[in-house]
Number of protein chains: 8
Amino acid sequence: LRSGFGEVIYCSGKSDKHLIKIFQNFNERDFNVLGTRASKEQFLKVKEVISEAEYDELSGIIKIVKKSIDKIGCIAVCTGGTSDIPVAEEAAQTAEFFGSNVVRIYDVGVAGIHRLLSKMDDIRKANCVVAVAGMEGALPGVIAGMIDKPVIAVPTSVGYGANFQGLSSLLTMLNSCAEGISVVNIDNGFGAGYISTQINRLAVRGNA
Amino acid sequence: LRSGFGEVIYCSGKSDKHLIKIFQNFNERDFNVLGTRASKEQFLKVKEVISEAEYDELSGIIKIVKKSIDKIGCIAVCTGGTSDIPVAEEAAQTAEFFGSNVVRIYDVGVAGIHRLLSKMDDIRKANCVVAVAGMEGALPGVIAGMIDKPVIAVPTSVGYGANFQGLSSLLTMLNSCAEGISVVNIDNGFGAGYISTQINRLAVRGNA
Amino acid sequence: LRSGFGEVIYCSGKSDKHLIKIFQNFNERDFNVLGTRASKEQFLKVKEVISEAEYDELSGIIKIVKKSIDKIGCIAVCTGGTSDIPVAEEAAQTAEFFGSNVVRIYDVGVAGIHRLLSKMDDIRKANCVVAVAGMEGALPGVIAGMIDKPVIAVPTSVGYGANFQGLSSLLTMLNSCAEGISVVNIDNGFGAGYISTQINRLAVRGNA
Amino acid sequence: LRSGFGEVIYCSGKSDKHLIKIFQNFNERDFNVLGTRASKEQFLKVKEVISEAEYDELSGIIKIVKKSIDKIGCIAVCTGGTSDIPVAEEAAQTAEFFGSNVVRIYDVGVAGIHRLLSKMDDIRKANCVVAVAGMEGALPGVIAGMIDKPVIAVPTSVGYGANFQGLSSLLTMLNSCAEGISVVNIDNGFGAGYISTQINRLAVRGNA
Amino acid sequence: LRSGFGEVIYCSGKSDKHLIKIFQNFNERDFNVLGTRASKEQFLKVKEVISEAEYDELSGIIKIVKKSIDKIGCIAVCTGGTSDIPVAEEAAQTAEFFGSNVVRIYDVGVAGIHRLLSKMDDIRKANCVVAVAGMEGALPGVIAGMIDKPVIAVPTSVGYGANFQGLSSLLTMLNSCAEGISVVNIDNGFGAGYISTQINRLAVRGNA
Amino acid sequence: LRSGFGEVIYCSGKSDKHLIKIFQNFNERDFNVLGTRASKEQFLKVKEVISEAEYDELSGIIKIVKKSIDKIGCIAVCTGGTSDIPVAEEAAQTAEFFGSNVVRIYDVGVAGIHRLLSKMDDIRKANCVVAVAGMEGALPGVIAGMIDKPVIAVPTSVGYGANFQGLSSLLTMLNSCAEGISVVNIDNGFGAGYISTQINRLAVRGNA
Amino acid sequence: LRSGFGEVIYCSGKSDKHLIKIFQNFNERDFNVLGTRASKEQFLKVKEVISEAEYDELSGIIKIVKKSIDKIGCIAVCTGGTSDIPVAEEAAQTAEFFGSNVVRIYDVGVAGIHRLLSKMDDIRKANCVVAVAGMEGALPGVIAGMIDKPVIAVPTSVGYGANFQGLSSLLTMLNSCAEGISVVNIDNGFGAGYISTQINRLAVRGNA
Amino acid sequence: LRSGFGEVIYCSGKSDKHLIKIFQNFNERDFNVLGTRASKEQFLKVKEVISEAEYDELSGIIKIVKKSIDKIGCIAVCTGGTSDIPVAEEAAQTAEFFGSNVVRIYDVGVAGIHRLLSKMDDIRKANCVVAVAGMEGALPGVIAGMIDKPVIAVPTSVGYGANFQGLSSLLTMLNSCAEGISVVNIDNGFGAGYISTQINRLAVRGNA
Ligand SMILES: Nc1ncnc2c1ncn2[C@@H]1O[C@H](COP(=O)(O)O)[C@@H](O)[C@H]1O
Ligand SMILES: Nc1ncnc2c1ncn2[C@@H]1O[C@H](COP(=O)(O)O)[C@@H](O)[C@H]1O
Ligand SMILES: Nc1ncnc2c1ncn2[C@@H]1O[C@H](COP(=O)(O)O)[C@@H](O)[C@H]1O
Ligand SMILES: Nc1ncnc2c1ncn2[C@@H]1O[C@H](COP(=O)(O)O)[C@@H](O)[C@H]1O
Ligand SMILES: [Mg+2]
Ligand SMILES: [Mg+2]
Ligand SMILES: [Mg+2]
Ligand SMILES: [Mg+2]
Ligand SMILES: [Mg+2]
Ligand SMILES: [Mg+2]
Ligand SMILES: [Mg+2]
Ligand SMILES: [Mg+2]
């Protein structure tokens, strides 16, 4: 990261004109480029001028990969429900883009704790866990209580009523009594994918 | 309830003069009386005029028991941490006052899920579970996911920072994806003890 | 519940592909299936592959009934206004799906208390009351003050201005001074229908 | 009002020096003076320099009455619980100070609706009703639904947890579906006493 | 009011089927009918079955007037800006429907205080003032400071940013230090029109 | 400012040891020093080691003046009520410390608009106005509507109930429709005194 | 300003009929006119009747310039990101309309502090800085810490999740510990452009 | 961690009886013990029964060290102001207790960015940075923008007014646009010290 690994563009809310200019800019300098929170329309505009651009509709990620990416170590990305998968994919694909191996463990929410318990062996192998959950948001705390690696908690805006667009899960995660947990913004899969890659890299290479 | 089982007085914020008058009123009519949220000072004032009054400092409950209470069925009262015990005791002693057997299962919070798992057999025997938790407030949802009896969730104001005096745990509980859970006010042990007794009574006696 | 009675799918926000796969899954295993918060579009997609699926537009409920359902006991579902009916129907139809008899008592809000008073005899016959209200949300507290059975309060997002999408009615219900009331999430008819069925079942069958 | 009827001083938070100066000022000009939200300490300081000052500890009101007050018409001041009485007294004594007859109807909260119903005849005689309630705050709406005179609703900060210092009752009252209700600030007995007196005066004297 | 003066239907969020049934119901009983918060589409549906129904697009009000309405007394309806006029018209037309004369004084917000000062003579003639304002919401307090009649304050959701859909103006009005002011829900022109008519009627007829 | 004019210490929450060390530090370097939000206890500790320190109890300001201060131009500091004076004095004394002439115009709140109107000539002479108000917070907007100089608005935490510790006045000020107004933190007299001095200096000396 | 410099119309939410009437009104009186927050549709309607009207789609500003505008002094308008540019342009074009020279320094957010540091010389030349930022909103505080001219901070609603439509950046700016900063409403480029022009004018012309 | 490294007790709110029992429990099992958020009174009670207990008043930490602790790697703990030091010390001493070397870099807040810039070389050497800040809370984002190691952000409740007990800094940190940042609860130095030690350990030892 920050040494030729690739550049990131936050696409949401940018005008087409601005967006294309920024993509072309990076593209000319031969970087790998990651665009987040892009709509399909934005992607199609970018694709017109940069034909090797790829798009994942689920996560809203645009990728332009010029130099092949070597993946190291392991990050586990977990979700409470299936509706959290778009955010989880933003995290997973960000981590992969920056060179981490990712194992996906989806739909293991705490309302049916045995699904989670049956996956703990896989989760324990990772250097860092990204735990994504909406509604009550209890998943990261329960995982953090069972492992001794850092857990990056991602609240999602999935839910309704007293969920208040993710506020409920955000607060749950900030208040977790488990040891070894920290939190990113609601729906911020990118942020979680990025910092978990920093940690994964430290685990594999040390502070080099 | 509502048929000679006993009367309830919410003591907090009442002037001594008012409070004593209300207690004497009920006492003369030979009811069992339950006072909630009473300070030690309030109890001592009441004790001066009604010598058989008893006080539990942990829960802040004053009790005057004139007719002996027969206990039926079973309610499980659980807490996430030790700091939630005062609220749990308000629930437990309210339930006992109105004639329920209570089993106490304290300090089984989800940050160390195995403590909870090891107690599930006891919890499953109850007709109704009162689950008390502060901070992240995930306990009731995890329990509700493992049993098919009603869970009454009680958020507590235990915590700091983004807990916002119990708001965090309240929202967690309202947003729980588990089936069979409903919620009372922050720190409202009394309310949970009362409704769980209604449910326990229905389970033992039916709609008689 | 949890023993062949049927499975539940939360449809809102799921992709068509995911949704159909989950429905087919349960369908093959010969369960009764309940889908909640489904749009008409979602229903039509499901109907294409599972022809016996039924849909109720008012409540957004999809039902696939393979084994006939025996109904027992009685739950009263009440609303403050006519705009609360969709949420009330989600509660009522959930309760019926899981085997409860339901009596519907709609539009008896407290701003015209005599409408409510004239229905109290019907309400008193139920083992459990689900009280649904938006705007000021006072209905559940007033009912709870008149009966000695559990009241499950459901705030709705009906209203405008300082209602804040149901926050006002949610807070009213949590703060009710009446005895025997607990609360589910804003607009969560399903949750209320489910726990009231648990209670109704205990009243009819005991803890069997 | 505003024509020699008397002057009002909001005492809370004023320094002793400031407070005494303002009281002396009015006193010299031979007005009747009403001080609200005064502590006992403040009263004693005022008493030292103005010996005819009177104090009511419950409501925190200081009164200096130089010209006798003729009372007209009728205002009903109602409360949900006994803990709301201090605010109700602020309203009642303000209304009396400005020349209204007041009838007090306390502890008629909606959690026991029959207490309220039995008082409706008295309430109906008033030109205007001040309805004071904490916790769930449903009283004003229920009263407004039964009468065709204006109801001034006063939320109080009585309660705990999700009451949020009176926010819950404030929102309840603002969202009431009953016709003929408007709301003042949390704990603002003074404001309710004042505007209800304006209305009472209009009813007795017309727009003179 | 409440004696043949007319009936009110809150149209927003009602299904066409429900809405038409309620309108027909009242129509058959020969009441004047007022529908509030109605869309143009709703009106056209109603018009199909009740041909004398009229609609005002600005305020969203449907009116069916069978018995002619005599107007008495005077209410002043004021707004801060031109964007507040729809809410003000809901208030004014409600007041007229229930038999009050209304004088409209629009666009006199406090950011240009002289516009307001030049209108004070007109405002002073009314028995009651309805003051409607968005954004900062200071208008009602400034008016109340200059008159000795009741001011009914209506916050509107006009504004952006830290206005939070009318919360800002609502809080301003609740906190006004002026004497003789009370507040209805955000955008609740109907509520203000109704209670001001009750007051106007008391001023003209007394408590008859 | 920032060139030998003086240094500022925010005293609140600092330990005595820390505080004294910082004061001594600046003192030795022969700066004028301004301490804000200091308690009397803190001042006495400072006084022990720096005898020329002065204290103003109303504003909580400690001053050590070594080089005499020349005052230029003019800032008007206005308040809505007398309870806002401590914050206003923090602003006024900060402005004077940094070299501005200050005219104080207190207790001219909008609930009695004529008090304010009678002072407008004085206010118009200033290069910049600091307008301090609690409760409804409407003063700055009304002033800004009458002058064409910048108005720095200071919300105070004076009030109760729906004031929410100054939130109400803060929102009012941010939403003001008047031209030429900007806002500092609740109770931040220091910040207002500082930026108004920057503006005053520009007006007198230009961008030198 | 306020002396023939031009008139301002807040277009958002006004009906076409109202809007055109107001524009024509000013136009006839031969003022320069500035319309803010106008949609393209609104502009086209205005253009039909006033052919010299111009529109800037980015900022939503309509301009009718009849008397040529002389620009004086200098205001620096800075943004944290490219998504803040629409709000910044509202500020810049407002300042230019009222006669200030403006230098634009965009996309210098604090997450890459060296971009900002490299522009400080330009920023230091201005009489006043308008600093526009969304998300974390730290830009104004960092700038204010490096200069001794007033900084007008404009929070934007750019962001997602715990940004809560600009609340996060608003709070950041209000809490800045830097000296010489005050804040306008979220997305209020107009307000910042206006007050910074007042300051710029004072700096160039003094209090004339 | 979790393998004999030591046990943690959250002391705040525990009764003396409970607290001592827990300390004795761990002490007997020959663990190193860390008590957080302990008052001096609590420490003295513990000291009576466990004489080797040590206390740090600034951070509120009780330590009982039985097995000597080897420290590895490096964590940088930074603060914005001096008032944030107690929380920073909780983080630093927690990290040291669990075996990390810690470098402290205090009072480098962004309102004077050059203080921070001059320390960047030290900060860059660490495997992980804990950045502690109150008020505007911008420090962690600015640091994260300059380094490629993980930054754990700790908002503090230092500030007043629109800080809302740390909410402002919490939101700032969650919304930071910098890459490589995640957040713990307000004032939760313990949580930051713990997770940064997990990361530091991974960096030194890998996933062993
Ligand atoms: N701790 C409590 N929390 C909430 N409500 C309570 C509590 N204790 C008693 N109550 C209710 O308050 C009523 C008594 O209130 P009061 O008349 O003010 O003493 C009882 O009938 C209960 O319904
Ligand atoms: N615009 C409005 N805002 C608030 N309440 C209203 C409004 N219009 C009508 N109402 C109230 O809602 C009641 C009718 O509600 P409903 O039975 O749902 O049509 C009326 O009797 C009025 O009290
Ligand atoms: N009352 C106050 N409110 C807000 N900020 C202040 C106040 N007094 C001083 N400051 C700022 O706080 C800085 C000093 O903070 P500190 O280094 O913690 O003493 C000063 O340079 C001012 O910018
Ligand atoms: N200052 C703190 N803030 C948040 N959590 C803490 C703190 N100190 C300890 N903990 C957590 O609380 C647990 C102990 O809680 P308890 O069993 O109540 O003593 C520890 O294992 C930690 O995970
Ligand atoms: Mg862990
Ligand atoms: Mg269950
Ligand atoms: Mg009951
Ligand atoms: Mg009525
Ligand atoms: Mg008045
Ligand atoms: Mg102005
Ligand atoms: Mg500066
Ligand atoms: Mg970084």
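The chains referred to below are lettered A, B, ... by the order of the sequence lines, with proteins before strands, and numbering in each begins at 1. Below, all heavy atoms of this structure are taken into account, side chains as well, without hydrogens, waters or symmetry copies.
Counting heavy-atom pairs closer than 4.5 Å to chain D, the top-ranked of the candidates C:G112, C:A162, C:G159 is C:A162.
Counting heavy atoms from C-beta outward, C:L171 and D:L171 have side chains that approach closer than 4.5 Å. Counting only heavy atoms from C-beta outward, the side chains of D:L117 and C:L117 approach each other to under 4.5 Å.
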Q.
Quick one, C:V110 with D:V110, criterion side chain to side chain contact (heavy atoms under 4.5 Å, CB included). Give me CA distance, side-chain angles, the key distance, then yes/no.
A. CA-CA 10 Å; C:V110 301; D:V110 301; over 6 Å; no
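In this structure, C:A138 and D:A138 approach most closely via the heavy-atom pair CB-CB, 3.4 Å. Nearest heavy-atom pair across D:C177 and C:A111 is C-CB, 4.0 Å.
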Show the pairs of one donor and one acceptor atom, one from chain D and one from chain C, lying under 3.5 Å apart.
| from | atom 1 | to | atom 2 | distance (Å) |
| --- | --- | --- | --- | --- |
| D:E136 | OE1 | C:S176 | OG | 3.4 |
| D:E136 | OE2 | C:C177 | N | 3.1 |
| D:A162 | O | C:N175 | ND2 | 3.1 |
| D:N163 | N | C:N175 | OD1 | 3.3 |
| D:S168 | OG | C:L171 | O | 3.4 |
| D:S168 | OG | C:N175 | ND2 | 3.0 |
| D:L171 | O | C:S168 | OG | 3.4 |
| D:T172 | OG1 | C:T172 | OG1 | 2.8 |
| D:N175 | OD1 | C:N163 | N | 3.3 |
| D:N175 | ND2 | C:A162 | O | 3.1 |
| D:N175 | ND2 | C:S168 | OG | 3.0 |
| D:S176 | OG | C:E136 | OE1 | 3.4 |
| D:C177 | N | C:E136 | OE2 | 3.1 |

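Applying the side chain to side chain donor-acceptor pair (under 3.5 Å) test to every pair with at least one member in residues 137-147 of chain D, sequence neighbours left out, gives no pairs at all.
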